[in-house]
Protein chains: 2
Amino acid sequence: MATIDDVAKAAGVSTSTVSYVLSGKRPISGPTRARVERAIRDLGYRPHAGARALASSRTNVIALVAPLRVAVNVNVIMEFVTGVVQAARTHNYDVLLLTQDDATGIDRVSSGSMVDAIIAMDIEEDDPRIPLLAQARQPAVLIGLPRDSSGLSCVDLDFFGAGTATVRHLAQLGHTSLAMLGAPEAVWKRHTSFWDRTLSGATYEANARDISLHAIACEASEVGARTAVATILSTHPDTTGLIVHNEAALPHVVAALRDRGLSIPDDMSIVAICPQHLATSQPQPLSSVTIPATAIGKVAVDMAIQRLNDPEQPAETRLLAAELTQRATTAAPHSAPVAP
Amino acid sequence: MATIDDVAKAAGVSTSTVSYVLSGKRPISGPTRARVERAIRDLGYRPHAGARALASSRTNVIALVAPLRVAVNVNVIMEFVTGVVQAARTHNYDVLLLTQDDATGIDRVSSGSMVDAIIAMDIEEDDPRIPLLAQARQPAVLIGLPRDSSGLSCVDLDFFGAGTATVRHLAQLGHTSLAMLGAPEAVWKRHTSFWDRTLSGATYEANARDISLHAIACEASEVGARTAVATILSTHPDTTGLIVHNEAALPHVVAALRDRGLSIPDDMSIVAICPQHLATSQPQPLSSVTIPATAIGKVAVDMAIQRLNDPEQPAETRLLAAELTQRATTAAPHSAPVAP
DNA sequence: TTGAAAGCGCTAACAT
DNA sequence: ATGTTAGCGCTTTCAA
């Protein structure tokens, strides 16, 4: 492999000149630049990443800590990862992938100076990774909203806003009896932040509008979805609007309602909180609040890079606004036409 | 951050001794080792990855080129990735994630010495990445089977064997009229290797047993699945066994058959080729050939590491045997009981 | 069994 | 606008 000295020799300049041509950190005359670039191309020169990292203390690599279990929401996870990787590339960064359960991973890549920044997804209220990230020398960005972010930057969808938006939408259509089909039992218990916030938002808005709202857990399976639907219909038969925040159960919920002879949206309106492709790929496109996973991944990277380039930059939390798109599954309830 | 020299000073030894304690590449006396290890712990010392890479030409990082689009088979992709990351960790390697469409990625990480080996997944018959990988200085392993692997190591499920296994299973149950519901049109066109091989295997076995088999494409959507089922039932109404090699369509195929009043497996046997969790998470667990994604990822890493440690090691292709597990969706056809 | 020292390939002062 | 050079922190030969 050609080194920077080979290039310098071939171009008849000093090594530093080659370095500066590459980094653009000082002005280079036209002819010199041309000769250097020529030599670089001729030799197929590529800077050695390790040497660069050693001399500059910059790796141009970001660590991404992702939940690589076979999860219910693989699609969302995938979208986050994609967003992060693509955004990183636009800043000329690559991504080192760590799994959630690689307990020593954060410390390893941080202390070993393998990366310049760390992004952690799927953050829970009291996430054990937070202290590790807080003491890392590299800036860290959390995707999700913990109870205490202790000076770390955070980015997430405004799930509270997503909750209020779904209730508001249905309320404005004239619904007064709503049900919410949420995360599995285990997620309620874990107090995974996003679910707590959606529920709070929806409850808050329902209270404010004096509308009834009953939320229940739902396992991520066909059986779980059918059970949840059955429970709702039997305990609250007057329900006319259903909010579903559970990607895996979503299609089965729709199927279960149809099987019971309920027509959507005539007998039951449905609004989902899910990735857009899931909402639009259904036979009947779902009214939904989109989880902008790609965008969130991108913002996470942008925040990390910003803090890298300006260490004075304080940590901040950014919540992306929830936007509800009405599609085919919501309408005024039969029993109560839209208020004027 | 503490350096190796800090540790050496604290332990009262030379830097090389510290290095050798860490690498184990030469014998160290008990007391010396103890003092060094003590110093390492006290100082919280971690070798600098870049410095190490520069001095040793080893990064302890593997590149993984993955299709991070919102694909139909995200679950499988995720499983591959998980398998690779976990296996890499057992060898003390980390994983750098590149996306399929990052055209310059392979060259960047290879020429820049960012990684020690490269694993590429979702390989097609004439994959444009193959020449890039073949000329890389690092060993490369392909997950998938290209037409010409030009000296690269490959690993994959034996899809030909998967095809024969599904037909054999149904034949042994007494079926004589089979249909195969495969990949979307686009995949047939692209000649994605796995699909071609499954089809060949199934066709081969059907011919050998003088059984009829009709394969058709199927789009990865509910509509696509229903259309495909309708086509099969109308053009080949005598079909009693269905082979489904299309994760996304799978649940909809089952639903479509049920909607038409066909009972499974009484009126129609179904055997799938899909990841295990998909087969077992259905309300009626599917007889299936499992795609052992995690295992394949692991094998890919093992092969890469092996070639790293022994450059003489020649490239090889490893096909993991297809194993069919009978679950609830296959039985003898009504019309023709099991042969004795 | 241990130490001294020469690089590995680059960046970024410091010179000119 | 360009050149010289001292490190960056580690591995590994060569010596003892």
Side-chain angles (χ1 to χ4, degrees), chain A residues 1-37 39-40 43-61 92 108-116 137 308-309, chain B residues 1-37 39-40 43-61 92 108-116 137:
Chain A
M1 278 281 101
T3 72
I4 197 172
D5 286 317
D6 297 332
V7 174
K9 213 155 289 168
V13 299
S14 69
T15 57
S16 59
T17 297
V18 177
S19 177
Y20 285 118
V21 165
L22 252 17
S23 70
K25 289 188 181 173
R26 80 180 184 192
I28 305 282
S29 74
T32 303
R33 149 163 288 120
R35 277 179 15 249
V36 170
E37 282 170 347
I40 288 176
L43 297 175
Y45 167 72
R46 286 282 197 173
H48 185 289
R52 207 169 227 191
L54 179 56
S56 68
S57 301
R58 286 280 194 132
T59 61
N60 274 39
V61 175
N92 198 30
R108 183 177 64 254
V109 301
S110 169
S111 317
S113 300
M114 297 181 71
V115 302
D116 295 340
R137 289 180 292 101
L308 257 176
N309 293 336
Chain B
M1 278 282 101
T3 71
I4 197 172
D5 286 316
D6 297 333
V7 174
K9 212 155 291 168
V13 299
S14 70
T15 58
S16 59
T17 297
V18 178
S19 177
Y20 284 119
V21 166
L22 252 17
S23 70
K25 289 187 181 173
R26 82 177 181 194
I28 304 283
S29 73
T32 303
R33 148 163 290 120
R35 268 163 39 234
V36 170
E37 282 170 346
I40 289 177
L43 296 174
Y45 168 72
R46 286 282 197 172
H48 185 288
R52 204 167 230 193
L54 179 57
S56 67
S57 301
R58 285 279 194 133
T59 63
N60 276 24
V61 175
N92 197 28
R108 183 177 63 254
V109 302
S110 169
S111 317
S113 300
M114 298 181 70
V115 302
D116 295 339
R137 289 180 293 100

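Protein chains get the first letters and strands the later ones, always in sequence-line order, with residue 1 at the start of each.
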Side chain B:R58, main chain B:A53, donor-acceptor under 3.5 Å: no
Under 4.0 Å, heavy atoms only, any strand: does B:R58 hit a base, just the sugar-phosphate, or nothing? nothing
Hey, does the side chain of A:R52 come within less than 4.0 Å of C:dT11's phosphate (OP1/OP2), counting only N and O? yes
From CG of A:D6 over to P of C:dC8, roughly how many Å is that when rounded to an integer? 11 Å
Check against side chain to side chain contact (heavy atoms under 4.5 Å, CB included), B:V21 and B:V13: CA-CA 11 Å; B:V21 166; B:V13 299; over 6 Å; no
Measure the spacing between OG of A:S113 and CZ of A:R137 and express it to the nearest 0.5 Å. 4.0 Å
Which donor-acceptor pairs under 3.5 Å do side chains of residues 43-52 of chain B form with protein atoms, sequence neighbours excluded?
{"from": "B:R46", "atom 1": "NH2", "to": "A:D107", "atom 2": "OD2", "distance (Å)": "2.8"}
{"from": "B:H48", "atom 1": "ND1", "to": "B:G50", "atom 2": "N", "distance (Å)": "3.0"}
{"from": "B:H48", "atom 1": "ND1", "to": "B:A51", "atom 2": "N", "distance (Å)": "3.0"}

Rounded distance (nearest 0.5 Å) linking atom CZ of A:R108 with atom CG of B:N60: 9.5 Å
A:I4 and A:T15 have their tightest heavy-atom pair at CD1-O, 3.8 Å
Please report how far the helix from C:dT1-D:dA16 to C:dT16-D:dA1 bends, comparing the axis fitted to its first five pairs with the axis fitted to its last five, to the nearest 10 degrees. 30°
Name the pairs: protein N/O against N/O of nucleotides 12-14 of chain C, kept only if under 3.5 Å.
{"from": "C:dA12", "atom 1": "OP2", "to": "A:K25", "atom 2": "NZ", "distance (Å)": "3.0"}
{"from": "C:dA12", "atom 1": "N7", "to": "A:Y20", "atom 2": "OH", "distance (Å)": "3.3"}

Rounded to the nearest 0.5 Å, what separation is found between the OG1 atom of A:T59 and the CG atom of A:L54? 12.5 Å
Measure the distance from CG on B:L54 to P on C:dG7 and round it to the nearest whole Å. 14 Å
Do A:S14 and A:T17 have side-chain atoms, one donor and one acceptor, less than 3.5 Å apart? yes
How many whole angstroms separate atom CD1 of B:I28 from atom C1' of C:dT2? 8 Å
Which pairs with one or both residues in residues 20-33 of chain A pass side-chain hydrogen bond (donor to acceptor under 3.5 Å, both in side chains), sequence neighbours excluded? A:S29-A:T32
A:T3 side chain N/O closer than 4.0 Å to the phosphate oxygens (OP1, OP2) of C:dG9? no
Euclidean distance, atom CG of residue A:L43 to atom C1' of C:dC10 [Å, nearest integer]: 16 Å
Filter on salt bridge (charged side-chain N to carboxylate O under 4.0 Å, His left out), then keep only pairs touching residues 1-17 of chain B, sequence neighbours left out; what's left? none
Contact between A:D116 and A:V61 at the side-chain level, heavy atoms closer than 4.5 Å - yes or no? no
Where chain B begins and ends its contact with DNA chain D, read 5' to 3' at 4.0 Å from heavy atoms: D:dG9 to D:dC14
Nearest-nucleotide check on DNA chain C, B:A51 vs B:G30; residue mapping nearer the 5' end is B:G30
